[in-house]
2 protein chains.
Amino acid sequence: MKRTILSYSLALAALISMLKLLEYRFLVHTLSLEIYLGLIAILFTVLGVWVGLKLTQTKPLPVSQLNYQVDFQFDPARLEKFGISKREYQVLDLMARGLSNQEIADTLFVSLNTIKTHSSNLFLKLDTKRRTQAVQKAKELRLIP
Amino acid sequence: MKRTILSYSLALAALISMLKLLEYRFLVHTLSLEIYLGLIAILFTVLGVWVGLKLTQTKPLPVSQLNYQVDFQFDPARLEKFGISKREYQVLDLMARGLSNQEIADTLFVSLNTIKTHSSNLFLKLDTKRRTQAVQKAKELRLIP
DNA sequence: ATTAAAATCATACTTTCGGGTGATGCGACT
DNA sequence: AGTCGCATCACCCGAAAGTATGATTTTAAT
């Protein structure tokens with residue numbers, strides 16, 4: 001985490017420097033200061049959105065909305081019974097929504113390999129061989145809605 | 001959602017206007033342009049983070065339906081709506097139980113290739129790319145329990 | 001401060017899925 | 001008699017999923 005923050009800071013610093021260089025260029029070319037400021041504002045807003053998403057990490061995806069909610073109740077105790085970690089649970093949830101490993105990786109902002117590791121561990125803990133089996137079993141066990 | 005986006009846009013516009021006013025003030029007071037730019041950058045980064053978080057917030061679902069496999073009832077009419085044949089339905093059902101294509105083939109005493117054909121056709125008819133997605137969608141559509 | 005668990009990522013390899021294409025046989029319907 | 005839908009199967013190929021192993025980094029608990 002420290003590392004990420006550091007890299008973001010560096011990226012930000014680099015961006016600012018770059019912008020400063022550009023600044024003089026633009027100004028001598030008589031581009032209005034307002035437009036320039038607007039561009040900076042937009043750019044950093046986008047950057048902010050990006051940073052915000054990165055830092056908060058979790059963001060469930062729709063894919064196929066039509067979300068029907070059952071009398072399902074999230075129960076950490078049940079997860080603990082199977083030794084399923086928070087991250088693994090997130091992966092399981094997205095799996096159940098029909099996402100591919102790559103899509104899950106993109107959603108959680110981690111690499112494909114990481115998701116493969118998580119899912120492999122899930123299969124061990126749920127004693128299943130495939131994702132479809134894992135999802136089915138997790139539903140039976142009321143681990144997911 | 002449109003409303004939120006609109007309000008954010010307005011807020012942004014207001015901010016920009018405000019900043020433009022400030023701009024002249026600051027400039028006549030000989031505050032360095034670099035510092036000013038940096039402030040804008042930081043401000044809009046923060047704004048971006050805020051907007052990003054707001055936009056990705058998942059709202060809780062209404063507790064409308066409290067049912068899921070309770071009221072399931074096999075309905076050939078629904079299948080027909082999607083053009084799903086008897087055999088394809090069987091494959092879909094076994095798929096949802098977590099069986100691999102090979103296992104389904106063994107269960108139905110046909111070849112693996114046949115199951116592949118059936119499942120491919122299923123994906124077409126359900127407009128899905130993966131078996132997990134197909135199963136999920138079929139459950140939503142109440143095609144299977 | 002140390003330690004244990006969790007999370008991350010990589011590389012290499014095997015298996016399973018899924019798409020595309022084409023072919024055959026069978027019953028039903030007209 | 002012809003055609004249409006369904007079921008069956010084959011072959012190829014690329015993509016995705018899954019296994020195994022090892023490593024580093026974060027986080028949480030003691």
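Since the model is a prediction, treat every value here as computed from it, not as a measurement. So that the names make sense, note that chain A is the first sequence line, chain B the second, and so on, each numbered from 1. Only this structure's heavy atoms are used, side chains among them; waters, hydrogens and symmetry mates stay out.
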Of the residues in residues 98-125 of chain B, which ones touch DNA chain C at a heavy-atom distance under 4.0 Å?
B:S100, B:N101, B:K116, B:S120, B:F123
How long is the gap from [atom1] on [X] to [atom2] on [Y], to the nearest 0.5 Å?
X: A:R131; Y: A:F123; atom1: CZ; atom2: CZ; value: 6.0 Å
X: B:K137; Y: B:R130; atom1: NZ; atom2: CZ; value: 12.0 Å
X: A:K125; Y: A:S85; atom1: NZ; atom2: OG; value: 5.0 Å

Hey, does the side chain of A:R130 come within less than 4.0 Å of D:dA17's phosphate (OP1/OP2), counting only N and O?
no
Among residues at least two apart in sequence or on other chains, which ones pass side-chain contact (heavy atoms from CB on, under 4.5 Å) with B:L108?
B:R87, B:Q90, B:V91, B:L94, B:I104, B:V110, B:I115
Is the closest side-chain heavy-atom distance between B:K116 and B:N101 below 4.5 Å?
yes
4.5 Å side-chain heavy-atom contact, B:L112 and B:D106
no
What is the distance from [atom1] of [X] to [atom2] of [N], rounded to the nearest Å?
X: A:R131; N: D:dG18; atom1: CZ; atom2: C1'; result: 9 Å
X: A:Q133; N: C:dC17; atom1: CD; atom2: C1'; result: 16 Å
X: A:R87; N: D:dT25; atom1: CZ; atom2: C1'; result: 14 Å
X: A:L92; N: D:dG18; atom1: CG; atom2: P; result: 12 Å
X: A:D127; N: D:dT19; atom1: CG; atom2: P; result: 12 Å
X: B:K129; N: D:dG14; atom1: NZ; atom2: C1'; result: 16 Å
X: A:I84; N: C:dA6; atom1: CD1; atom2: P; result: 12 Å

